[in-house]
Amino acid sequence: MAASVFNATQVISVLTNVRNELANSSLGLNQSLVLIVLLALTPFFFLRWLSTRKLPPAPPSWPLIGHLHLLGTHAHQSMAVLSKKYAPEGIMYLKFGLKGGIIVSSPEVAKEIFKKHDLAFSQRPELIVTDLLVTNKHGVGFQQYNASWRNLRKIFTQEVLSPDRMQYAEGLRANEMDYMVNSIFKDVTRNPKEPVEVNKYFWVLTINFISRMVLSKRYFSNNPEEESEEAAEFKYVINEQFFLLGSIFPADSFPFLERFDIGGLQKRTKTLLPRFQGILTKILTERREQRKQEGDAHVDVDMVDVLLTNQEKGEITDLNIRGVVWDAFAGGTDTQIVTVEWAMAHIIADPKIYETLRSELDREVGVDRRVTESDIPRLKYLNAIMKETFRLHPPTPLLLPRETNEACTVAGYYVPPNTRLFVNVWAMGHDPEVWENPLEFRPERFLQPELQGVDVQGQHFNLIPFGFGRRICPALAIGMVGVQLGIASLVQGFDWSLPDGVTAEEMDMSEEPGINIRMASPLRAVAKPRLEAHLYSS
Ligand code: HEM
């Protein structure tokens with residue numbers, strides 16, 4: 001069912017009447033013939049033009065709300081079902097109240113957008129939440145596509161994530177991996193039968209890693225009693241921000257509702273703002289003071305340093321620095337945490353996968369030392385597990401929303417300017433037309449000759465968990481290493497089993513709603529140390 005922008009029948013009938021009038025008029029024979037031929041052809045050209053303005057197929061909609069009632073709590077899942085029913089070509093048009101959007105669910109259409117319209121689709125939509133949090137829309141993630149974004153993204157990719165900085169990050173990551181494994185060791189030595197919540201440990205690891213890389217600060221430990229007030233505030237702000245970023249603000253679909261703030265989300269965001277700004281102001285004030293005291297002897301160590309140096313050169317503003325700091329926390333924490341949790345759930349649920357990974361680790365790394373980042377290129381099965389997890393559980397199932405700044409044609413359909421774009425990578429990962437037995441978690445598929453070359457770096461459109469094109473995740477290398485080293489450290493360090501009385505079939509593999517999809521029931525499993533005791537105290 002294709003949505004149409006004009007009533008074609010009415011227009012053709014008007015044109016036909018004009019043609020008949022002219023045929024009866026007093027023009028010369030030749031002139032009349034030319035005019036008649038021209039007018040006879042007009043409907044043909046008009047129809048051709050009209051067909052180029054045909055919107056992508058859409059499900060039946062309701063007045064005013066459009067398709068909002070069809071979305072439910074897990075929009076990516078509802079969209080996948082709707083796309084299967086109404087959009088066999090992998091492109092569908094939905095109305096979110098007054099805003100229109102296209103939903104792409106096929107790798108071919110995503111590739112076409114990348115090849116032909118990447119620039120047109122490089123905008124991010126203006127969203128109430130990023131507008132209210134102010135700094136977010138001045139960072140890389142939610143800034144409009146403009147000269148300021150290009151400059152900031154260049155600084156992010158070339159300086160913040162430079163090879164030197166990545167080497168520094170490697171040391172921090174190794175240190176935090178040790179801390180995680182050692183903490184689990186301590187906890188399970190005290191209570192051997194007590195299941196551990198994998199997510200809890202990986203959360204501490206990831207937030208500490210990012211905050212050390214960005215701010216040279218380490219806020220969290222695995223013992224909540226050791227947590228400072230500053231850390232508690234930081235945790236609150238991060239969690240609240242994720243909640244708000246994953247919420248649906250009515251005014252994003254109906255701008256006139258902004259002043260009514262139905263559901264109170266805008267008020268909640270405004271309340272968060274001073275707490276969010278308070279943390280950033282304190283960090284920047286302290287760091288500027290330190291740089292002043294150290295003078296020429298100061299060496300840039302972390303992301304904030306790199307950004308402040310760029311500010312001193314007049315390249316970027318204070319708001320940009322704050323925006324990029326939050327980009328790193330918003331983009332770099334939950335995405336890694338949820339991926340490791342899903343991967344561990346599948347590994348623990350399937351003894352064959354578990355054994356294959358374990359054998360690879362024992363063969364390539366051994367049990368006399370802990371696995372490190374430099375081992376990763378040799379761990380092919382681990383790499384296949386990462387890809388399989390991204391396929392079935394892409395952390396950001398609809399990528400980040402984009403918006404086209406001009407009209408274009410995609411898959412033969414007309415896409416008006418200011419239309420939102422959601423690329424449903426979750427739907428692609430679950431589609432039997434894209435993957436064989438898509439619902440099975442089978443890392444081996446990526447070791448088959450035909451899929452061996454598939455990577456997650458935005459070139460293979462059947463697997464794009466980091467997005468693609470100009471807006472692709474600039475830190476995908478950090479994400480890939482973090483996920484693989486996390487899984488490898490957990491599997492090398494411990495024998496994992498399900499808690500007494502829980503079978504693999506009974507595990508809850510459902511998803512919690514939110515911007516990054518977490519497991520609805522956090523993974524709990526029993527961990528038994530398997531390395532020599534001295535390897536847990538490094
Ligand atoms: C498993 C880990 C990660 C995943 C799956 C992931 C995924 C994504 C996705 C899907 C996008 C949107 C791409 C698009 O619109 O096409 C994105 C953008 C972004 N990510 Fe990541 N990310 C991860 C890790 C990180 C890390 C570690 C950081 C920072 C330290 C980060 C920072 C960003 C930023 C700044 C953007 C915005 C890019 C732009 O709009 O130009 N991400 N990421």
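For the numbers below, each heavy atom of this structure counts, side chains included, while hydrogens, waters and symmetry mates do not.
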Are there more than 12 heavy atoms of other residues, nucleotides or ligands under 6.0 Å from atom [atom1] of [X]?
{"X": "Q167", "atom1": "CD", "answer": "no"}
{"X": "I248", "atom1": "CD1", "answer": "no"}
{"X": "K111", "atom1": "NZ", "answer": "no"}
{"X": "E433", "atom1": "CD", "answer": "no"}

Cationic tip of K95 within the cone over W62's six-membered ring, i.e. under 6.0 Å and within 45° of the normal? no
Does NZ or CZ of R471 lie under 6.0 Å from the centre of the six-membered ring of F466, at an angle within 45° of the ring axis? no
Sidechain N-carboxylate O distance under 4.0 Å for [X], [Y]:
{"X": "D305", "Y": "R165", "answer": "no"}
{"X": "R470", "Y": "D118", "answer": "yes"}
{"X": "R275", "Y": "E240", "answer": "no"}
{"X": "R173", "Y": "E176", "answer": "no"}
{"X": "D300", "Y": "R291", "answer": "yes"}
{"X": "R288", "Y": "D318", "answer": "yes"}

Looking just at side-chain N and O atoms, do [X] and [Y] make a donor-acceptor pair shorter than 3.5 Å?
{"X": "T317", "Y": "N320", "result": "yes"}
{"X": "Q484", "Y": "E373", "result": "no"}
{"X": "S148", "Y": "Q143", "result": "yes"}

Verify, without hydrogens or angle tests, whether [X] (side chain) and [Y] (backbone) share a donor-acceptor contact under 3.5 angstrom.
{"X": "R124", "Y": "P401", "result": "yes"}
{"X": "N199", "Y": "E341", "result": "no"}
{"X": "N310", "Y": "I316", "result": "no"}

Salt bridge (Lys or Arg N to Asp or Glu O under 4.0 Å) partners of D252, counting only residues at least two apart: none
With sequence neighbours excluded, what pairs up with E159 under the salt bridge (Lys or Arg N to Asp or Glu O under 4.0 Å) test? none
Rounded to the nearest 0.5 Å, what's the gap from [atom1] on [X] to [atom2] on [Y]? Could you check?
{"X": "N383", "Y": "Q452", "atom1": "CG", "atom2": "CD", "value": "10.5 Å"}
{"X": "T130", "Y": "F249", "atom1": "OG1", "atom2": "CZ", "value": "9.0 Å"}
{"X": "R53", "Y": "T409", "atom1": "CZ", "atom2": "OG1", "value": "9.5 Å"}
{"X": "L71", "Y": "H76", "atom1": "CG", "atom2": "NE2", "value": "12.0 Å"}
{"X": "C408", "Y": "I113", "atom1": "SG", "atom2": "CD1", "value": "7.5 Å"}

Which atom pairs, donor and acceptor, lie under 3.5 Å between side-chain atoms of residues 331-339 and protein residues at least two apart or in another chain?
from: T333; atom 1: OG1; to: F329; atom 2: O; distance (Å): 2.5
from: D334; atom 1: OD1; to: R518; atom 2: NH2; distance (Å): 3.4
from: D334; atom 1: OD2; to: R518; atom 2: NE; distance (Å): 3.4
from: D334; atom 1: OD2; to: R518; atom 2: NH2; distance (Å): 2.8
from: T335; atom 1: OG1; to: G331; atom 2: O; distance (Å): 2.7
from: Q336; atom 1: NE2; to: G332; atom 2: O; distance (Å): 2.9
from: T339; atom 1: OG1; to: T335; atom 2: O; distance (Å): 2.6

What pairs of donor and acceptor atoms, side-chain ones from residues 434-441 against any protein atom, are under 3.5 angstrom apart with sequence neighbours left out?
from: W435; atom 1: NE1; to: M428; atom 2: O; distance (Å): 3.3
from: E440; atom 1: OE1; to: R442; atom 2: NE; distance (Å): 3.2

Answer yes if the ring centres of Y86 and Y93 are under 6.0 angstrom apart, and no otherwise. no
Partners of D164 by side-chain contact (heavy atoms from CB on, under 4.5 Å), sequence neighbours excluded? S162
Out of R212, R287, K217, which residue meets the side-chain hydrogen bond (donor to acceptor under 3.5 Å, both in side chains) rule with D302? R287
Please, which pairs that meet ring pair (Phe, Tyr, Trp, His ring centres under 6.0 Å) have at least one residue in residues 117-147, sequence neighbours excluded? Y145-W149
Under 4.5 Å between any side-chain heavy atoms of F243 and I515, yes or no? no
Quick check: do L308 and Q311 have side-chain heavy atoms less than 4.5 Å from each other? yes
